[in-house]
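Comments concern the structure below.
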Amino acid sequence: MLNNSNICANQLIEAEAQSWDHILSYLRPSCIKCAIQLGIPDILHKNPNPIMSLSNLIAALPNLNPSKITFIPILMRVLVDFGLFNYHHQQGDGYSLTSVGRLLVENDLSGKRSFFLFAQHPVVLNTAAYMGDWLRDDLSTAFETAYGKSHWDYCAEEPEFNGVFNDAMAGDSRLISNLLISDCCAGVFEGLTSLVDIGGGTGAVAMAIAGAFPRLKCIVLDLPHVIGDRKGSGNLEFVAGSMFEKIPHANAILLKWILHNWSDENCVKLLKKCKESIPSKENGGKVIIIDMVMEDNCSNEQLVQSQHLMDLLMRITHASKERTEKEWEKLFLDAGFSGYKIITSLGLRSLIEIYP
């Protein structure tokens with residue numbers, strides 16, 4: 001039978017193990033980024049056999065310094081620990097992709113690779129490093145504490161970072177695009193003749209919708225430095241402008257991961273602008289929102305933790321937040337909408353329709 005000192009000792013050992021996990025956790029994304037830079041997920045994905053031997057993997061790595069070859073099994077060991085790859089000892093020290101590892105393959109429909117690289121950009125990492133300073137100053141975000149300007153102003157002035165950010169958004173849009181035109185969501189667009197994708201970036205979502213629904217005119221509205229010289233064709237059009245100033249009229253407006261970037265006050269302002277640009281509910285007018293609905297009682301602990309971290313990210317980067325259903329409802333009512341419906345869950349996010 002354990003006495004109290006043994007229990008305390010066991011708790012201390014468990015606490016120490018957890019603290020070491022936190023201390024060393026900074027290496028996780030660095031190792032994953034290294035794997036992406038070396039092209040390991042793509043090499044395994046393109047391998048004709050499901051399992052690739054370590055020797056064949058090493059031979060396939062481009063520009064690898066021969067003196068560093070012995071490090072590859074060390075790197076692969078931790079990547080197996082992280083769940084990116086499977087290790088097959090019985091098949092001669094071979095490796096294969098897990099379902100998580102497949103998400104990091106170039107041009108995978110999930111877009112997680114480009115989003116991961118964005119999250120590992122020095123500008124993003126440095127923002128988080130300034131949280132302590134931000135909590136002691138008068139600025140609205142840790143991003144502003146670090147760089148003296150808002151995230152959006154920084155994007156407008158720094159083409160390299162803006163490109164990485166837009167690649168991440170476009171990558172994420174590929175996943176959403178496929179979900180939107182799938183059977184579970186396609187009914188959302190039935191009966192519509194026109195749609196404005198606000199903050200639609202490079203047009204990945206609008207292009208997918210326009211392709212799936214040829215009679216639906218799709219307009220992408222975004223800032224001039226995002227739209228650039230992009231030209232539409234057929235039932236797709238690009239318009240440069242500010243969503244807070246003028247929104248083209250349409251049957252419906254799409255807001256994919258837009259509102260979580262803004263304060264409640266700005267969200268209400270934007271939603272009122274949307275309401276002005278669509279017909280009545282009786283005439284088919286609606287706003288389609290793809291965003292997070294916070295669920296603390298969700299049984300998926302990883303999903304809840306990801307939502308909490310995303311909420312923290314929005315607060316330190318944009319002075320905004322993720323929202324619970326009650327918080328969403330208040331925004332909709334304050335903007336003058338008559339009702340809403342949460343259509344379905346899209347993993348971390350949900351699809352919401354709101355009606356004027």
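Throughout, numbering of the chain's residues begins at 1 and tracks the sequence. Being a predicted model, the structure only gives us computed values, none of them experimental. Below, each value reflects all heavy atoms present in this structure, side chains not excepted, and no hydrogens, waters or symmetry copies.
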Distance-only, no hydrogens or angles: does the [X] side chain make a donor-acceptor pair with backbone N or O of [Y] under 3.5 Å?
| X | Y | answer |
| --- | --- | --- |
| Asn47 | Ser53 | no |
| Asn65 | Ser67 | yes |
| Asn251 | Gly285 | no |
| Ser194 | Lys217 | no |
| Arg215 | Leu192 | no |
| Thr193 | Leu216 | no |
| Thr98 | Gly83 | yes |

Might you point out which heavy atoms bring [X] and [Y] nearest each other, and give the distance in Å?
| X | Y | value |
| --- | --- | --- |
| Ser280 | Pro356 | C-CG, 3.8 Å |
| Lys275 | Gly336 | CE-O, 2.9 Å |
| Leu221 | Pro248 | CD2-CD, 4.1 Å |
| Cys274 | Leu255 | SG-CD1, 4.2 Å |

Do you reckon [X] sits in the same ILVMFWY cluster as [Y], going by side-chain contacts under 4.5 Å, direct or chained?
| X | Y | value |
| --- | --- | --- |
| Leu139 | Val123 | no |
| Val80 | Val78 | yes |
| Leu135 | Leu312 | yes |
| Tyr130 | Val124 | no |
| Val226 | Leu236 | no |

Could you tell me whether the side chain of [Y] reaches within less than 4.5 Å of the side chain of [X], counting heavy atoms only?
| X | Y | result |
| --- | --- | --- |
| Leu64 | Ile58 | yes |
| Tyr87 | Met76 | no |
| His88 | Ser96 | yes |

Calculate, to the nearest 0.5 Å, the distance between atoms [atom1] and [atom2] belonging to [X] and [Y] respectively.
| X | Y | atom1 | atom2 | result |
| --- | --- | --- | --- | --- |
| Cys34 | Ile40 | SG | CD1 | 6.5 Å |
| Lys272 | Ser277 | NZ | OG | 14.5 Å |
| Leu44 | Leu57 | CG | CG | 5.5 Å |
| Asn86 | Leu97 | CG | CG | 8.5 Å |
| Ile288 | Asp291 | CD1 | CG | 14.0 Å |
| Met292 | Trp257 | CE | CH2 | 6.0 Å |

query = Taking the six-membered ring of Tyr355 as reference, does the NZ or CZ atom of Lys286 fall below 6.0 Å from its centre and within a 45° cone about the axis?
reply =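 No, Lys286 does not lie over the aromatic ring of Tyr355.
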May I have the step-by-step check of side-chain contact (heavy atoms from CB on, under 4.5 Å) for Met52 and Asn49, ending in yes or no? CA-CA 7 Å; Met52 191 173 195; Asn49 299 316; over 6 Å; no
Q: Given side-chain contact (heavy atoms from CB on, under 4.5 Å), test Glu322 with Met314 step by step and report yes or no.
A: CA-CA 7 Å; Glu322 303 298 347; Met314 290 301 103; 3.5 Å; yes
Output yes when [X] and [Y] qualify as a salt bridge under the 4.0 Å nitrogen-oxygen rule, no when they do not.
| X | Y | value |
| --- | --- | --- |
| Arg315 | Asp311 | yes |
| Asp264 | Lys321 | yes |
| Lys273 | Glu245 | no |
| Lys149 | Glu157 | yes |

So the side-chain hydrogen bond (donor to acceptor under 3.5 Å, both in side chains) pairs with at least one residue in residues 27-42 (sequence neighbours excluded) are Asp21-Arg28, Asp42-Arg113
Pairing residues for [X] by the ring-ring contact (aromatic ring centres under 6.0 Å, His included) criterion, not counting sequence neighbours:
| X | value |
| --- | --- |
| His151 | Phe143, Phe161, Phe165, His318 |
| Phe71 | none |
| Phe116 | none |

Any luck finding a side-chain donor-acceptor pair between [X] and [Y] under 3.5 Å?
| X | Y | result |
| --- | --- | --- |
| Asp167 | Ser114 | no |
| Ser140 | Glu144 | yes |
| Asn261 | Ser320 | no |
| Tyr147 | Glu158 | no |

Are Phe85 and Tyr95 an aromatic pair by the rule of ring centers under 6.0 Å?
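Distance test on ring centres: not under 6.0 Å, no.
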Notebook entry, point to check: Who are the side-chain contact (heavy atoms from CB on, under 4.5 Å) partners of Ala129, not counting sequence neighbours?
Noted result: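 Checked Ala129 against side-chain contact (heavy atoms from CB on, under 4.5 Å); matches are Asn126.
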Legend entry - Under the side-chain contact (heavy atoms from CB on, under 4.5 Å) test, residues paired with Leu313 that sit two or more places apart: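 Checked Leu313 against side-chain contact (heavy atoms from CB on, under 4.5 Å); matches are Met310, Thr317.
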Using 30° and 60° as the class limits, which term best fits the ring planes of Trp262 and Phe244: parallel, tilted or perpendicular?
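Geometry flag for Phe244 against Trp262: perpendicular rings.
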Result for side-chain contact (heavy atoms from CB on, under 4.5 Å) between Ile352 and one of Leu259, Val287, Val293, Ile290 points to Val293
Worksheet entry | Ile253/Ile247 under side-chain contact (heavy atoms from CB on, under 4.5 Å): CA gap, chis, key distance, verdict | CA-CA 9 Å; Ile253 290 172; Ile247 299 173; 3.8 Å; yes
Practice task
Start with the C-alpha gap between Leu333 and Trp328, add the side-chain angles, then the distance that decides, and say whether side-chain contact (heavy atoms from CB on, under 4.5 Å) holds.
Solution key: CA-CA 9 Å; Leu333 294 175; Trp328 281 117; over 6 Å; no
